[in-house]
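Everything on this sheet refers to the single structure shown next.
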Amino acid sequence: MALLRVIPRKATPSVFMQQVARLHNIERDKIGNREVVGWGINGMYSYVDHIAFPMPAIRFKENSPEIMALKEREKGDWKKLSVEDKKALYRASFCQTYSEMRAPDGRWKSITGWVLFGISCSFWIYIWEKLFVYPPMPDTITNIEKRQAQLKRMIDIRVDPIDGLSSKWDYENNRWKK
Amino acid sequence: MMRLFSQRMQTAVRGSLTAVNRNMQPAAATGAARFMSHEVQETDEEFDARYVAYFSRPDIDGWEVRKGMNNLIGMDLVPDPKIIIAALRACRRLNDYSLTTRFLEAVKMRAETNKDIYPYVLQEIKPVLEELGISTPEELGYDKPELALKSVFDVHG
């Protein structure tokens with residue numbers, strides 16, 4: 001139902017206004033009997049609860065006879081409205097109060113659970129890799145005599161003589177420094 | 001003084017807001033003209049005066065009140081009690097009660113940075129609340145959540 005033409009004829013103001021009118025009619029069908037009260041976020045007839053954007057474009061509830069009767073009383077003295085009336089008026093215009101918008105919803109529990117599950121899956125995958133994918137370690141790592149020979153060579157060529165390995169070796173007495 | 005905790009940003013939305021030109025947003029006062037950036041620097045008093053004048057306009061309509069409130073709450077500041085009072089009186093002229101409660105909740109949200117701000121604001125606007133018969137959100141029980149929203153996963157069965 002492409003009501004907005006892809007290739008418009010000459011875009012005169014009246015063509016534009018027709019398209020605006022069509023868009024507003026589509027919007028109005030979506031919202032039913034609700035009163036449009038403001039610009040909203042982007043000019044569309046939307047309702048959004050957001051703490052930094054208190055007044056949406058439409059009232060939340062459709063206009064029913066009870067609400068219309070309440071609105072008549074709203075025109076008079078507000079001191080005569082009871083607490084229930086005031087709450088009913090609020091709920092007619094808005095869906096959630098600020099406390100409800102910001103109330104904790106416990107999503108962190110499922111998020112934490114799934115994250116930990118994902119991490120443990122990766123651990124299992126690593127175990128499978130170690131068992132079935134990686135070849136055995138070379139003997140330069142598994143054979144202790146070869147590793148000691150490598151360490152001796154590192155000390156002989158003075159690796160890290162200032163703060164590292166060779167600085168901990170006592171060359172005078174051929175042993176580790178105490 | 002309520003803007004000690006803020007960075008000020010000019011209301012950026014000017015120009016036509018709908019097909020009918022609703023360019024009634026308070027235009028920035030021309031303060032000192034020697035700054036390089038486009039932003040017009042205005043003092044706190046000028047800002048307050050601008051918004052008080054905006055809300056105090058006798059023929060203001062619901063559209064403009066809501067736009068003003070949305071812009072004001074979108075800014076990183078707590079509105080001065082003068083502005084809040086002007087906005088509440090505008091709601092009274094419009095015969096719209098729910099706007100007052102929503103606006104007070106929004107102000108309370110903005111005042112969270114320092115726990116002394118909201119009690120101060122309430123104290124300053126108390127005469128107007130009593131005069132117009134407006135209950136604070138606490139008196140209506142809206143400082144705690146009252147209703148819960150159905151989870152989106154349960155909506156379509």
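Residue numbering restarts at 1 for every chain, and letters A, B, ... go by the order of the sequence lines.
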Name the region of A:Phe94, side chain, backbone, both or neither, that has any atom closer than 4.5 Å to a heavy atom of chain B.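 When you check distances to chain B, only side chain atoms of A:Phe94 fall under 4.5 Å.
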Side chain, backbone, both or neither: which part of A:Asn42 has an atom under 4.5 Å from a heavy atom of chain B?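 Neither part, no heavy atoms under 4.5 Å.
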Are [X] and [Y] in one and the same hydrophobic cluster, where Ile, Leu, Val, Met, Phe, Trp and Tyr link if side-chain heavy atoms are under 4.5 Å apart?
| X | Y | answer |
| --- | --- | --- |
| A:Ile58 | A:Ile41 | no |
| A:Trp114 | A:Trp108 | no |
| A:Tyr171 | A:Trp176 | yes |
| A:Leu131 | A:Trp124 | yes |
| A:Val37 | A:Met44 | no |

Hey, is [atom1] on [X] packed in by over 12 heavy atoms from elsewhere, all under 6.0 Å?
| X | atom1 | result |
| --- | --- | --- |
| A:Glu129 | CD | yes |
| A:Arg147 | CZ | no |
| A:Ile162 | CD1 | no |
| A:Asp163 | CG | no |
| A:Trp128 | CH2 | no |
| A:Lys177 | NZ | yes |

Quick check: closest heavy atoms across [X] and [Y], and the distance to 0.1 Å?
| X | Y | value |
| --- | --- | --- |
| A:Tyr90 | B:Ser98 | CA-CB, 3.7 Å |
| A:Lys86 | B:Leu140 | CB-CD2, 3.8 Å |
| B:Leu147 | A:Glu100 | N-OE2, 2.8 Å |
| A:Arg59 | B:Asp96 | NH2-OD2, 3.0 Å |

Between the side chains of A:Lys87 and B:Glu146, is the shortest nitrogen-to-carboxylate-oxygen separation below 4.0 Å, so that they form an ion pair?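 A:Lys87 and B:Glu146: salt-bridged.
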Under a 3.5 Å distance rule, please check whether A:Lys79 uses its side chain to pair with a backbone N or O of B:Glu131 as donor and acceptor.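 Side chain of A:Lys79 to backbone of B:Glu131: a pair is present.
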Give a yes or no answer on whether the side chain of B:Glu105 reaches the backbone of A:Thr97 with a donor-acceptor pair at less than 3.5 Å.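 It does not hold such a pair.
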Chain A heavy atoms under 4.5 Å from [X]: which part of the residue, side chain, backbone, both or neither?
| X | result |
| --- | --- |
| B:Asp143 | backbone |
| B:Leu99 | both |
| B:Arg110 | side chain |
| B:Glu130 | backbone |

Report the distance from atom [atom1] of [X] to atom [atom2] of [Y], rounding to the nearest 0.5 Å.
| X | Y | atom1 | atom2 | result |
| --- | --- | --- | --- | --- |
| B:Asn71 | A:Met55 | CG | CE | 11.5 Å |
| A:Phe53 | B:Arg66 | CZ | CZ | 11.0 Å |
| A:Tyr98 | B:Thr101 | OH | OG1 | 12.0 Å |

Under 4.5 Å between any side-chain heavy atoms of A:Trp78 and B:Thr100, yes or no?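 The answer is yes; the side chains approach within 4.5 Å.
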Among B:Glu139, B:Lys108, B:Arg92, single out the residue with the greatest number of heavy-atom pairs under 4.5 Å to chain A.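 Ranked by heavy-atom pairs under 4.5 Å with chain A, first place is B:Arg92.
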Could you have a look at A:Gly40, A:Ala52, A:Ser93, A:Pro54 and say which one has the most heavy-atom pairs with chain B under 4.5 angstrom?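 Answer, by heavy-atom pair count under 4.5 Å with chain B: A:Pro54.
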